[in-house]
Amino acid sequence: MLKVPEHQVAGHIASDGKLGPLVDDQGRFFKPLQGDSRGEHEAKFYESFTSNKMVPDHIHRYFPVYHGTQLVEASDGSGKLLHLVLDDVVSGYSNPSVMDVKIGSRTWYPDVSEGYFKKCIKKDRETTTVSLGFRVSGFKIFDHQESSFWRAEKKLVLGYNADGARLALRKFVSSNSPADSNSTPPNCAFASEVYGGPNGILVQLLELKEWFETQTLYHFNSCSILMTYENESILMKGGDDDVQAARAQVKLVDFAHVLDGSGVIDHNFLGGLCSFIKFIKDILQSVDKRDETETSPLENGN
Ligand SMILES: O=P(O)(O)O[C@@H]1[C@@H](OP(=O)(O)O)[C@H](OP(=O)(O)O)[C@H](O)[C@H](OP(=O)(O)O)[C@H]1OP(=O)(O)O
Ligand SMILES: Nc1ncnc2c1ncn2[C@@H]1O[C@H](COP(=O)(O)OP(=O)(O)O)[C@@H](O)[C@H]1O
């Protein structure tokens, strides 16, 4: 039985009879092929990428596993429709906190229609895409105090400036109630476990960056980084040694606009990724500094 994904944070959502992705209970994510060429384009990308031996294995694991396409009942009630069948990258988590960040300082690319170009450039200018080289597209946090999910409002998210994006990235890894962040600043309690550590988000982003510094196979226009972690397991185990408790995960999603790299570096994605990494590093540094100041001389052994 297919159902609407509980943890989707951006993109087309299958609600109110609209077309959107579905999930099964076996850990599969079904993304409908959109009516124009986008769907087919994304399927072609997955076919090419999955069998591309020039892409190293350690990079393949940043992409959802592709299981081909399948005809299933569409969420909008229009009947059977071809869907991409992918691994549901959040299915292994009980209460995942998830954020979608669209990378690049532009989402349009050469040879798109005038209409599409205008639509993209408007959104790119109104969001932090142009100014920062990335924009937060959506996120949800598991609020362990309330035992429920808190979801950022799409309109507010798309209105973030640089400070808004920074605040969202801090909030994403905080243990104080997300709904209160206007009065209480995010405490970044999970930053070291989620963003930092040997298996954290930063290490994964740096590994991706290393590949993007040389890869000329694909240009990842309008593609997103999907970050996931589990805050409950950090809280249950506690302590700084539990670097793996967070199960921090980086995946790339949305390949409807990927182009052949034609031997040229994907500087749009690479530049955006570097900018995003700087934001994550800054948060980690600010947390380290705070921890140093908060450690009393007695605890320091002085
Ligand atoms: O439908 P909208 O206006 O929400 O725009 C979608 C975007 O949502 P946004 O408002 O930027 O969060 C959406 O962005 P996210 O996936 O939410 O980051 C996509 O860009 C989508 O286009 P495509 O399916 O990738 O070709 C966009 O869909 P299209 O409008 O291009 O169909
Ligand atoms: N393989 C996947 N597993 C789990 N969730 C996914 C997967 N792919 C996408 N999603 C969720 O769906 C959202 C939209 O995906 P995306 O591919 O960008 O769709 P669209 O083309 O509608 O923008 C993402 O932000 C994420 O929450």
Side-chain angles (χ1 to χ4, degrees), residues 2-16 18-46 49-50 60-70 72 74-76 81-104 107-109 112 116 119-120 123-124 127 129 134-142 149-154 157-158 168 172 220-230 247 249-258 269 272 276:
L2 298 181
K3 56 177 196 212
V4 176
E6 193 192 340
H7 306 301
Q8 185 179 346
V9 292
H12 305 96
I13 295 178
S15 60
D16 309 324
K18 281 190 277 180
L19 187 62
L22 297 166
V23 287
D24 66 10
D25 53 9
Q26 311 286 309
R28 298 274 160 103
F29 186 91
F30 295 77
K31 181 172 173 179
L33 268 70
Q34 292 175 79
D36 51 25
S37 59
R38 275 182 287 181
E40 272 170 39
H41 194 87
E42 188 164 18
K44 274 200 189 129
F45 165 77
Y46 270 112
F49 184 81
T50 303
H60 270 287
R61 71 182 167 85
Y62 288 110
F63 292 71
V65 175
Y66 173 63
H67 303 280
T69 55
Q70 198 178 316
V72 298
S75 63
D76 61 357
L81 183 73
L82 213 50
H83 286 64
L84 300 172
V85 187
L86 305 167
D87 268 0
D88 178 352
V89 299
V90 300
S91 69
Y93 294 79
S94 319
N95 290 307
S97 294
V98 188
M99 181 184 276
D100 180 311
V101 182
K102 199 186 277 279
I103 303 294
T107 55
W108 56 274
Y109 44 96
V112 292
Y116 186 73
K119 182 185 153 172
C120 287
K123 231 188 238 182
D124 292 352
T127 62
T129 287
F134 67 87
R135 70 173 179 248
V136 177
S137 282
F139 65 109
K140 62 183 288 192
I141 303 170
F142 183 67
F149 286 100
W150 177 88
R151 195 177 271 273
E153 214 181 293
K154 180 169 176 172
V157 170
L158 293 179
F172 185 58
F220 290 89
N221 302 300
S222 217
C223 165
S224 288
I225 281 177
L226 196 69
M227 300 192 289
T228 310
Y229 78 93
E230 191 112 71
R247 300 176 59 217
Q249 170 185 269
V250 166
K251 293 279 180 190
L252 297 186
V253 294
D254 203 356
F255 309 109
H257 305 281
V258 174
F269 191 96
F276 184 56

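We number each residue from 1, following the sequence as shown. Read the numbers this way: they start at 1 and go in the same order the structure lists the ligands and their atoms.
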Is it true that [X] and [Y] have ring centroids separated by less than 6.0 Å?
X	Y	answer
Phe63	Tyr46	no
Phe45	Phe220	yes
Phe49	His60	yes

Backbone, side chain, both or neither: what part of [X] comes under 4.0 angstrom of ligand 2, heavy atoms only?
X	result
Lys31	side chain
Val23	neither
Pro64	side chain
Asp254	both

**Study point:** Side-chain touch Val89/Gln249, heavy atoms, less than 4.5 angstrom
**Key:**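 Sidechains of Gln249 and Val89: in contact.
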Practice item. Please tell me if the side chains of Ser15 and Val4 come closer than 4.5 Å, counting only heavy atoms from C-beta onward. Key: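 Side chain of Ser15 against side chain of Val4, heavy atoms only: no contact under 4.5 Å found.
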Check your understanding: Does a donor on one side chain sit under 3.5 Å from an acceptor on the other, for Ser224 and Asp100?
Key -> yes
Practice item. Kindly give the heavy-atom pair with the smallest separation between Phe255 and Glu42, and that separation in Å. Key: N-OE2, 2.9 Å
Within the 4.0 Å heavy-atom shell around [X], which atoms of ligand 2 are there?
X	answer
Asp88	3 (N), 4 (C)
Asp100	24 (C), 25 (O)
His12	20 (P), 22 (O)
Asp87	1 (N), 2 (C), 3 (N)
Ala10	13 (C), 14 (C), 25 (O)
Leu226	25 (O), 26 (C), 27 (O)
Gln8	11 (C), 12 (O), 13 (C), 14 (C), 27 (O)

Check your understanding: If you measure from the Lys or Arg side-chain nitrogens to the Asp or Glu carboxylate oxygens, is any gap between Asp124 and Arg135 under 4.0 Å?
Key ->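 A salt bridge links Asp124 with Arg135.
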Check your understanding: Looking only at distance, does Val89 have an N or O less than 3.5 Å from an N or O of ligand 2?
Key ->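 Between Val89 and ligand 2, an N or O pair is found under 3.5 Å apart.
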Check your understanding: Below 4.0 Å from any atom of ligand 2, is there a heavy atom belonging to Val9?
Key -> yes
Revision key, fill the gap. Atom 11 (C) of ligand 2: of Phe30, Phe29, Phe255, the nearest heavy atom sits on Phe29
Check your understanding: Hey, what do you get for CZ (Phe29) to CD (Gln8), rounding to the nearest 0.5 Å?
Key -> 5.0 Å
